[in-house]
Structures are given as C-alpha cells and as structure tokens.
Amino acid sequence: MHSTLHWQKSSFSGADSGDTCVELAARPTAPTAIRLRESDHPTTQLTTGPAPLRALLTALKTGPVE
C-alpha cells in the first residue's frame, strides 16, 4: 500500500519566487526516508535520511568545513 506524500515547501521560498523552490516530504510509515524535489521538476526526487539532510543544511548555512 502506498501512502500519499504531503509535500511541504521550504520556508525560504518567497511568494514572488513562483514555482522554484525545494519541497520536502516523508511518509508516516517510513519517517526516516525524507524525499526532496525541486518544484520545477516534481517527478525528479531524491531520498535521504535525517542525518545526511542535517549535514547538508548545516554545510549550506555555515559553509564547507576545512
């Protein structure tokens, strides 16, 4: 049985940005499998977990670790 994904837009996506934003979704049955997609290309999705996603977001926010 497939559950419907409920996509959530990034809070960084402004009202005037149109459809260009990152969206996240997780299935209640598999909360550690987080899906990512660009709203311009909704059929292309990446799957990651909480720890790699946290590392990515931290690196984007603070810059690379040297």
Side-chain angles (χ1 to χ4, degrees):
M1 177 177 144
H2 286 277
S3 60
T4 303
L5 291 175
H6 297 284
W7 293 96
Q8 180 177 345
K9 287 186 178 185
S10 165
S11 62
F12 186 72
S13 301
D16 61 343
S17 64
D19 288 335
T20 56
C21 62
V22 174
E23 298 175 327
L24 300 168
R27 282 196 172 95
T29 57
T32 59
I34 300 168
R35 301 269 180 114
L36 300 164
R37 72 179 183 186
E38 172 65 38
S39 57
D40 283 350
H41 304 282
T43 58
T44 303
Q45 300 175 12
L46 301 174
T47 303
T48 188
L53 180 58
R54 185 179 308 111
L56 172 65
L57 296 174
T58 300
L60 291 172
K61 182 178 179 182
T62 62
V65 177
E66 295 184 27

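Each residue takes its place number in the sequence, starting with 1.
Within 6.0 Å of atom CD in Q8, 12 or fewer heavy atoms from other residues, nucleotides or ligands are found, so the atom counts as exposed in its surroundings.
In this structure, the side chains of E38 and V22 come closer than 4.5 Å at one or more pairs of heavy atoms.
Expressed to the nearest 0.5 Å, how far CD1 of I34 lies from OG1 of T47 amounts to 10.0 Å. For the atom pair CG (L24) and CZ (R35), the distance works out to 12.5 Å, reported to the nearest 0.5 Å. Remark: L53 CG to T58 OG1 distance equals 9.0 Å, nearest 0.5 Å. Atom CG in L56 sits 10.0 Å away from atom CG in L46 (nearest 0.5 Å).
Between T44 and R37, the closest heavy-atom pair is O-CB, 3.5 Å.
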